[in-house]
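First up is the structure itself, then whatever we jot down about it.
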Amino acid sequence: MARLKLGVLGSGAGSNMQSIVDAIDAGTLDAEIRIVLADVQDAKILDRAKRRSIPCRYLDCAPWKTKLEGPAEDRCIEILRSAGVDTVVLAGFMRIVKPKLLAAFPNRVVNIHPAILPAFPGVHSWTQALDYGCKVAGVTVHFVDAGTDSGPILVQKTVPVMEDDTPDTLHARIQVQEHIAYPEALNIIATGKYRIEGRRVRIG
Ligand code: GAR
């Protein structure tokens, strides 16, 4: 299989992007990050990219606050295409992506979500799990479809919920698994040893 050419979209700290960079450095993931885009001007993910000399840009998504649509979506597709991206990685990107982007990269947009889907889609999923009284929580890496956090699942990992957990301690425990799960999921795509059958991703 050819080396993956990744375009990473993020809004925040970029620790998941960092885990992908680290896996590439360690030789456990055959990929390169062609471009990093953030919808928040001072997002740390951009600093991390700059530190590694990875091309990066702020993407102004106004006037919308929760989705990537219209001229910003067109610009995003254009930037990803001109960077030669073949796989779009949502790494803490806090916007809904719309059908036009999905059509531009069919079955090649992946997302990481801090919950065991289909439980707790949307925002602050770890707080939702804690408030619900769950005894386990976790992370899902999935292909993105037209729904919210609803596409075919590539990798899931669980963590225990401790009696004295706060939202922050639970999220931190989930993030440790996120940083294992994302490189693992991208490696499945990189090796091409999977097929999507309806909702199921058959691996191997
Ligand atoms: C991660 O916990 C990721 O799962 C979550 O945002 C955080 C980003 O962290 N994503 C979502 O909630 C998407 N709905 P990072 O910027 O350090 O990678």
Side-chain angles (χ1 to χ4, degrees), residues 1-11 16-17 19-20 23 28-34 37 64 66-70 73-74 76-77 80-81 84-126 128-129 132 134-161 174-175 177-204:
M1 289 298 293
R3 157 177 296 210
L4 290 185
K5 301 176 187 73
L6 307 176
V8 178
L9 274 58
S11 308
N16 278 290
M17 184 208 64
S19 74
I20 295 164
T28 53
L29 175 62
D30 190 16
E32 60 191 274
I33 300 180
R34 289 289 183 100
L37 296 172
W64 293 285
T66 58
K67 62 182 179 179
L68 174 61
E69 204 172 22
E73 183 184 36
D74 290 341
C76 181
I77 293 169
L80 293 169
R81 281 199 173 132
V85 164
D86 61 25
T87 307
V88 180
V89 175
L90 307 183
F93 188 59
M94 303 310 282
R95 284 176 187 269
I96 307 288
V97 297
K98 305 300 277 184
K100 201 166 181 180
L101 177 76
L102 299 178
F105 297 93
N107 286 333
R108 281 288 183 155
V109 183
V110 286
N111 180 44
I112 189 155
H113 183 74
I116 300 296
L117 291 170
F120 310 126
V123 295
H124 297 123
S125 310
W126 57 91
Q128 294 184 55
Y132 196 88
C134 291
K135 301 300 185 194
V136 292
V139 55
T140 303
V141 181
H142 63 94
F143 288 105
V144 178
D145 66 7
T148 302
D149 300 325
S150 59
I153 292 169
L154 267 160
V155 171
Q156 287 187 309
K157 298 203 180 285
T158 57
V159 300
V161 178
I174 291 169
Q175 284 225 284
Q177 294 305 312
E178 291 187 356
H179 302 156
I180 299 168
Y182 227 159
E184 191 177 311
L186 292 174
N187 198 44
I188 292 168
I189 299 176
T191 54
K193 292 186 180 141
Y194 70 98
R195 59 188 195 283
I196 303 172
E197 289 179 6
R199 280 218 49 86
R200 296 182 71 177
V201 181
R202 296 208 180 255
I203 295 161

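Each residue takes its place number in the sequence, starting with 1. Just so you know, these numbers come straight off a predicted model, no measurement behind them.
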Is the shortest side-chain heavy-atom distance between [X] and [Y] below 4.5 Å?
X: I189; Y: L154; answer: yes
X: N187; Y: T28; answer: no
X: V88; Y: V97; answer: no
X: P114; Y: E178; answer: yes
X: L186; Y: V141; answer: no
X: L9; Y: L68; answer: yes
X: V201; Y: H142; answer: no
X: C76; Y: L37; answer: yes

(message) Please evaluate residues D30 and L4 with respect to the criterion side-chain contact (heavy atoms from CB on, under 4.5 Å), reporting the C-alpha separation (whole Å), side-chain torsions for both, the decisive distance (0.1 Å), and the verdict.
(response) CA-CA 6 Å; D30 190 16; L4 290 185; over 6 Å; no
Without swapping roles, check the side chain of [X] against the backbone of [Y] for a donor-acceptor pair under 3.5 Å.
X: H113; Y: S150; answer: no
X: Q128; Y: V123; answer: yes
X: R199; Y: G151; answer: yes
X: T140; Y: Q156; answer: no

(message) Show me the pairs that pass salt bridge (Lys or Arg N to Asp or Glu O under 4.0 Å) and involve residues 180-194, at least two apart or across chains.
(response) K157-E184
Give me the atom names and distance for the closest heavy-atom approach of [X] to [Y].
X: G92; Y: I112; result: N-CG2, 4.4 Å
X: A137; Y: I174; result: CB-CD1, 4.1 Å
X: L29; Y: P183; result: CD1-O, 4.1 Å
X: M17; Y: I33; result: CG-CD1, 4.0 Å

(message) Enumerate the ring-ring contact (aromatic ring centres under 6.0 Å, His included) contacts for residues 179-201, please, sequence neighbours excluded, ordered by first and then second residue.
(response)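 ring-ring contact (aromatic ring centres under 6.0 Å, His included) check on residues 179-201 returns F143-Y194.
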(request) Determine, step by step, whether D86 and R34 satisfy the salt bridge (Lys or Arg N to Asp or Glu O under 4.0 Å) criterion, reporting the C-alpha distance in whole Å, the side-chain angles of both residues, the deciding distance to 0.1 Å, and the verdict. (result) CA-CA 10 Å; D86 61 25; R34 289 289 183 100; over 6 Å; no
Run the salt bridge (Lys or Arg N to Asp or Glu O under 4.0 Å) test against [X] and tell me which residues pass, sequence neighbours left out.
X: R200; result: none
X: R108; result: none
X: E69; result: K67
X: D145; result: none

